[in-house]
Undergrad: 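Sharing a structure below in structure tokens format, with a few things to ask.
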Amino acid sequence: MHLWNKGHWRDYLFSQAMLLVAALLLVFFISIGLGVGRILDRFLSSDLPEEQVRVTPRVISAGSFQTERGGVEITDALLDSLEKMPQVARIDRQVYARVPAYLRGLLGGRNYYTDITMEGVTEAFVPDSLLERFGWDYTLADSSRTRLPIILSENLLLLYNAGFADPNGLMGLTQQGVVGLECQITLGASSLTSLQARPVTINAQIVGTSRNMALFALAVPIGFVEEVNEMYLPDRPHSYSALMVTATAAEEVPEIVRKAESLGLSAETHRGIAQKAEILVGIVTAALGALAVAILGAALASAVHTLVADLKNRSYALGVLVALGTTSDRLAQVFAFQIFLMSAVTTVLGGLLGCGLAALVSYGLLTLLPVLRMAVPSLAVFPVFHLAAGLGTVLLVSTAWAWFFFRRILGTPVTELLRR
């Protein structure tokens, strides 16, 4: 350490500042990159098996609301056409309740009211643990003695927390907090519209939640929804909101997709969802990879700059040490260790600053975007192994580069070193 020419501290300060920034950015992008992956996994995850196809109409509708008119609806005739395919093993139906409805209940000790959309689903969408406790064969006649079972979409819960509860200062809801919640549902009327027939009020209970991306509204027994639609809208043609088609094998899925699209319907598969996720993840990975290359380049530039400064400032001292019999390996170890020690302190400090910056950015984004705050606890992920590996790589590259250049300069004749 006594061989350090302190008169040229600015050169070392600049080079170590570059390494500090490199370590800071590397840790920051590792942390935020893993957080972005967590967000993509949360919103693009799907439990759609490879052998299933979700068939939907191209008409954009949700219960009694329809934002785009025209297009082909899924009728019984189209359902029969798909069922006759030899590649189809089973079809599970989904039906929107076409009547307006609203829900009332107590939420945190306060009266709660909201318009709702119900979607009837078969037992295939209900976890076995719930089927053991709650029967899914439910009709209007059952409402006089038992509550209507409801499965709440976790994505709908997320939208409620971020888009309604937070802006209006209401209490947020958790998955555990809503299960078992009792309420009343009024059919045939809402805050926006009502039907001529007399509204009917039934008791209901949220019995579970689901992350199934196929569930958009409140999931209830399909027999109940079809009975309600028939009672309030008997003249309206019967149609389905979606069909979950199970193929006899995953290899038969493309044929089912082609058939559905030829009928004027949309078809979504596990592969299609995965491809969307892969594209987004690929873009993020490519961007972070380019930044990582730039970071490593900055670290190498830092090491080279330090070495150039050493060569300019220590050539005479090197010549004296070589003339006195100091071996080249010993000198290389001395100077490489000096750079290693300085770089280690700088890298650790840069890593800590990168963690702090990632935590600060995560806090700011989650504060500005409540929907993200409800989806993940933090955008900053701090895996010790990945961060240590990244910082270790920067440190290893810097030290190895230093060793290589010192070995080369120590090959200079002693007379040349003493002349400088």
Undergrad: Does the pair Ser378 and Ser362 meet the rule for a side-chain hydrogen bond (donor to acceptor under 3.5 Å, both in side chains), with working shown?
TA: CA-CA 6 Å; Ser378 174; Ser362 173; 3.2 Å; yes
Undergrad: So do Ile185 and Asn203 actually touch side chain to side chain, heavy atoms under 4.5 Å?
TA: no
Undergrad: Could you check Glu268 against Val55 for side-chain contact (heavy atoms from CB on, under 4.5 Å), going step by step and ending with a plain yes or no?
TA: CA-CA 6 Å; Glu268 189 176 54; Val55 178; over 6 Å; no
Undergrad: Answer yes or no: is there a side-chain heavy-atom contact under 4.5 Å between Leu265 and Thr56?
TA: no
Undergrad: Please examine the side chains of Phe28 and Val361, heavy atoms only from C-beta on, and report whether any two atoms are closer than 4.5 Å.
TA: yes
Undergrad: Is there a side-chain contact between Leu78 and Thr75, using heavy atoms and a 4.5 Å cut-off?
TA: yes
Undergrad: Assess the side chains of Gln87 and Thr248: does a donor N or O sit below 3.5 Å from an acceptor N or O?
TA: no
Undergrad: To the closest 0.5 Å, what do you measure between CD1 (Ile256) and CE (Met85)?
TA: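 Spacing of CD1 (Ile256) from CE (Met85) equals 5.5 Å.
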Undergrad: Check the pair Ile222, Val121 against side-chain contact (heavy atoms from CB on, under 4.5 Å), reporting the backbone distance first and the verdict last.
TA: CA-CA 5 Å; Ile222 188 170; Val121 298; 5.7 Å; no
Undergrad: State, with a plain yes or no, whether a side-chain heavy atom of Val200 is found less than 4.5 Å away from one of Thr186.
TA: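 Val200 does not reach Thr186 side chain to side chain.
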Undergrad: Checking the side chain of Thr367 only, and the main-chain atoms of Tyr363 only, is there a donor and an acceptor separated by less than 3.5 Å?
TA: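 Such a contact is found between Thr367 side chain and Tyr363 backbone.
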Undergrad: Looking only at non-hydrogen atoms, find the nearest pair between Ala358 and Phe382 and report the distance.
TA: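 Looks like CB-CE2, 4.1 Å.
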Undergrad: Closest heavy-atom contact between Ser190 and Asp115?
TA: CB-OD1, 3.5 Å
Undergrad: Determine the minimum heavy-atom distance between Pro149 and Pro221, stating which atoms define it.
TA: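 The answer is O-CD, 3.7 Å.
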Undergrad: Which heavy-atom pair separates Arg104 from Cys183 by the least distance, and what is that distance?
TA: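 The answer is O-CB, 3.2 Å.
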Undergrad: Begin with the C-alpha distance, continue with both residues' side-chain angles, and end with the deciding distance and a verdict on side-chain hydrogen bond (donor to acceptor under 3.5 Å, both in side chains) for Gln52 and Thr246.
TA: CA-CA 4 Å; Gln52 284 190 343; Thr246 302; 3.1 Å; yes
Undergrad: Can you find a pair of side-chain heavy atoms, one from Pro383 and one from Val381, that are under 4.5 Å apart?
TA: yes
Undergrad: Once you measure the plane-to-plane angle for Tyr138 and Phe224, does it fall in the parallel (<30°), tilted (30-60°) or perpendicular (>60°) bin?
TA: perpendicular
Undergrad: Can you check side-chain contact (heavy atoms from CB on, under 4.5 Å) on Tyr113 and Leu103, steps first, answer last?
TA: CA-CA 6 Å; Tyr113 168 95; Leu103 179 148; over 6 Å; no
Undergrad: Without swapping roles, check the side chain of Tyr232 against the backbone of Glu227 for a donor-acceptor pair under 3.5 Å.
TA: no
Undergrad: Do NZ/NE/NH1/NH2 and the carboxylate oxygens of Arg93 and Glu226 come within less than 4.0 Å?
TA: yes
Undergrad: What I'd like to find out is whether the side chain of Val220 reaches to under 4.5 Å of the side chain of Leu148, using heavy atoms alone.
TA: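 Yes. Closest side-chain heavy atoms under 4.5 Å.
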Undergrad: For the CG atom of Leu353 and the CG atom of Leu360, what is their distance to the nearest 0.5 Å?
TA: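 Here the rounded value is 12.0 Å.
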Undergrad: Please round to the nearest 0.5 Å and tell me the distance separating atom CD1 of Ile206 and atom CD of Glu182.
TA: 10.5 Å
Undergrad: Could you walk me through whether Gln94 and Thr122 pass side-chain contact (heavy atoms from CB on, under 4.5 Å), step by step?
TA: CA-CA 7 Å; Gln94 295 175 247; Thr122 63; over 6 Å; no
Undergrad: Atom NE2 of His238 and atom CG of Asp76: how far apart are they, to the nearest 0.5 Å?
TA: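 Interatomic distance, His238 NE2 to Asp76 CG, rounded to 0.5 Å: 5.5 Å.
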Undergrad: With a 3.5 Å cut-off and no angle check, do the side chains of Tyr96 and Asn229 form a donor-acceptor pair?
TA: no
Undergrad: Do Val207 and Val179 come close enough that some side-chain heavy atom pair is under 4.5 Å?
TA: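 The answer is no, as the side chains (C-beta and beyond) never meet within the 4.5 Å cut-off.
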Undergrad: I would like to know whether Ser239 and Arg98 meet side-chain hydrogen bond (donor to acceptor under 3.5 Å, both in side chains); could you show each step before the answer?
TA: CA-CA 10 Å; Ser239 63; Arg98 302 292 183 180; 3.3 Å; yes
Undergrad: Taking 4.0 angstrom as the limit, do Glu261 and Arg258 come out as a salt bridge?
TA: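 Between Arg258 and Glu261 there is no salt bridge, as every charged N stays at least 4.0 Å from the carboxylate O atoms.
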Undergrad: Indicate the atoms forming the closest heavy-atom contact of Val27 with Gly354, along with that distance.
TA: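 Reported closest heavy-atom pair: CG1-C, 3.9 Å.
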Undergrad: Would you name the heavy atoms of Ile91 and Glu83 that are closest together and state the gap between them?
TA: CD1-CG, 3.4 Å
